[in-house]
Peer 1: 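Before I ask anything, let me first share the structure, which is written out below as structure tokens.
In what follows, chains carry the letters A, B, and so on, assigned in the order in which the sequence lines appear, proteins first and then strands, with residues in each chain numbered from 1. Only a predicted model underlies this, so the values are computations on that prediction, with no experimental measurement involved. When reading the values below, keep in mind they use all heavy atoms of this one structure, side chains included, and skip hydrogens, waters and symmetry mates.
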Amino acid sequence: MLSLNNLTVGYDRHPVIHHLNMTVEPGQMIALIGPNGGGKSTLLKTIIDQVKPMDGSITNSFRKIGYISQLYSTNRDFPVSVGFFVSSALFRQVGLFGRISKDAVRNALKTVHLEGFQNKYLSTLSGGQFQRVQFARLYLQQPELLLLDEPFSAVDQKTTAELIELLKEWNSRGKTVIAVMHDLNLVKDHFPYTVALAREIVASGKTSDILTEETILKTFSLDMAVNPNAGVCQRKDEHEHCEQEKTEN
Amino acid sequence: MFEVLIAPFYEYEFMLQALLACALVSLSAPLLGLFLILKKISLTGDAISHAILPGVAVGYAVAGLSVTAMTVGGFIAGSIVIVLSGLVSRITRNGEDSSLAVFYMVSLALGVLIISLNGSNIDLLSILFGSLLAINEECLYLLSAIAAITVVTMTVIRRPFLMDCVDPDFLRQNGINGHIYHMIFMILVVLNLISGFQTIGTLMAVGILILPAAISRLWFNSLLFCCILSPLVASFACYSGIILSFHFNYPTSPVIIITLGLVYMISVLCGTNGGLLWKIYHLKHLDS
């Protein structure tokens, strides 16, 4: 189980997410929707401990978390092979010298329909192929909780359909999935749960209840960009930024 | 032919020692240069190479032209600059480029000043431009140790180090601190720049790291092939430099770097991985 308690996160003391409370049960498949700058990526980064919360806490009982960041955060020009990239899922396990099973890597690539790609360079892959490679690495890593940041935003329909099927299959075998999504049709068709995030949780629950015109309008109409004039969070006990923003709005 | 190209190394011990010294530097330095290029931090290498100078100068001021003193001084100074440039880039975010340029000009000035105050112009020249034909045994031991440490360490850390270059977030999220491997790499860079300074001098030391690596990248995309080709290219250039300076009394280090420059130009034209002729040929192929 993952629970976020009164979580406030920000950059340079300007909060991006306010006082968030949320619980994720094992086996859930959740779509995270919301406008740009609404704090979706920041939330995922906070869960994997890349960004420290300003206030509040996270309790996590999932044993291993797998994370796929937005496409552009990887240096794909670096001349390493697909096989090496996928095998990095096992680095922690095998250490500096341990043997990495070629069969395991080959098998992981097979699950994403990229048989025989292990010796190709990352730089030769298309966006969709690279996303498949990231899924192969996730498969090899065997995490209990999967965090995906816009996994289908630069990917064609066929790849999206295949990767979503893969996600659903993993989910049916007990993996928990949280994915940042922009395509609301995909959310409607494949994700049982939805959380609408616009610096705070606007709505959360069963997708059919959330994806109403009213909620969508409310979620996406707020001015979500980080306001440079917003107050600086100076003390933990007094949330001055909240007060100031209310008056500004 | 034999008389001109090979005999000098039989007849004179200093020639053989110079060749050996070069071979040792060529073995490890281009490997690091390859990653400096791939990580797009060649300028950092340049800055560190000049930053070594004040350390070397202090070593020189304390103990004269002693290999040990100058090496220790250079290593300390180089390490300080790595830490400082890391801090500055983290604090100011985009300021790394300009701050490095500042570091390196100031260090160069400081080093030249300290040496000038304490010794002759000849010493200054030998530190700035190296004295390959006057390498002693102590120095050869140092170069062997640095080459061995570099090759062994890079082999050991290759997995996390490469992954830190490609996808540092993933490593961190898997509980592996990629930054440590980056720091180990930077320390190896300092050590190899010290090797470079002992052989071809501080001003051009970074050339023996970067140029052979840049050349190999123009021929191969494969890291393995680049790791094989770049030491060969570096060794060839060093050999040319030594033999030309022997016969024509040219200064050694500039000839080495110019040779590398010529090979680079040829590679830009003919290289199989992005060379000009290759591209033109492929364009024609498409047109027809």
Peer 1: Give me the contact list for residues 135-145 of chain A versus chain B, heavy atoms only, anything under 4.5 Å, ordered by residue number.
Peer 2: A:R137, A:Q141

Peer 1: More than 12 heavy atoms of other residues, nucleotides or ligands under 6.0 Å from OH of A:Y121: yes or no?
Peer 2: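 Counting other residues, nucleotides and ligands, OH of A:Y121 exceeds 12 neighbours.
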
Peer 1: B:V166, B:I176, B:N174: which one forms the most heavy-atom pairs within less than 4.5 Å of chain A?
Peer 2: B:V166

Peer 1: Can you list everything that forms a ring-ring contact (aromatic ring centres under 6.0 Å, His included) with A:F62? Sequence neighbours excluded, please.
Peer 2: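 Partners of A:F62 under the ring-ring contact (aromatic ring centres under 6.0 Å, His included) test: none.
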
Peer 1: Short question: side chain of A:Y67, backbone of B:D169 - any donor-acceptor pair under 3.5 Å?
Peer 2: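 Here the side-chain-to-backbone pair does not exist.
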
Peer 1: Count the heavy atoms of every other residue, nucleotide or ligand shown that sit under 6.0 Å from NZ of A:K168, and state whether that count exceeds 12.
Peer 2: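 More than 12 within 6.0 Å, yes.
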
Peer 1: Are B:F170 and A:I68 side-chain neighbours, meaning at least one heavy-atom pair lies under 4.5 Å?
Peer 2: no

Peer 1: Measuring heavy-atom distances to chain A, does B:R172 have an atom under 4.5 Å in its side chain, in its backbone, in both, or in neither?
Peer 2: side chain

Peer 1: How many angstroms lie between atom CD1 of A:I47 and atom CD of B:Q173, to the nearest 0.5 angstrom?
Peer 2: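 Here the interatomic distance stands at 11.5 Å.
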
Peer 1: Strictly less than 4.5 Å between heavy atoms, which residues of residues 85-107 of chain A line up against chain B? Please order them by number.
Peer 2: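 Interface residues of residues 85-107 of chain A: A:F85, A:S88, A:A89, A:F91, A:R92, A:V94, A:G95, A:L96, A:F97, A:G98, A:I100.
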
Peer 1: Output the distance between atom CG (B:L224) and atom OG (A:S81), rounded to the nearest 0.5 Å.
Peer 2: 11.5 Å

Peer 1: Rounded to the nearest 0.5 Å, what separation is found between the CG atom of A:N119 and the OG atom of B:S222?
Peer 2: 10.5 Å

Peer 1: Start with the C-alpha distance between B:D167 and A:F78, add both sets of side-chain angles, then the distance that settles side chain to side chain contact (heavy atoms under 4.5 Å, CB included), and finish with yes or no.
Peer 2: CA-CA 10 Å; B:D167 194 355; A:F78 208 88; over 6 Å; no

Peer 1: Please collect all salt bridge (Lys or Arg N to Asp or Glu O under 4.0 Å) contacts where either partner lies in residues 113-132 of chain A, sequence neighbours excluded, each pair once.
Peer 2: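 Counting only pairs at least two positions apart or across chains, the salt bridge (Lys or Arg N to Asp or Glu O under 4.0 Å) contacts touching residues 113-132 of chain A are A:R132-A:E162.
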
Peer 1: Mind listing the closest non-hydrogen atom pair of B:N221 and A:S123 along with its distance?
Peer 2: ND2-OG, 4.3 Å

Peer 1: Heavy-atom distances under 4.5 Å only: say whether A:L122 touches chain B with side chain, backbone, both or neither.
Peer 2: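 Only the side chain of A:L122 comes within 4.5 Å of chain B.
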
Peer 1: Quick one: what part of B:F220 sits under 4.5 Å from any heavy atom of chain A, side chain, backbone, both or neither?
Peer 2: neither

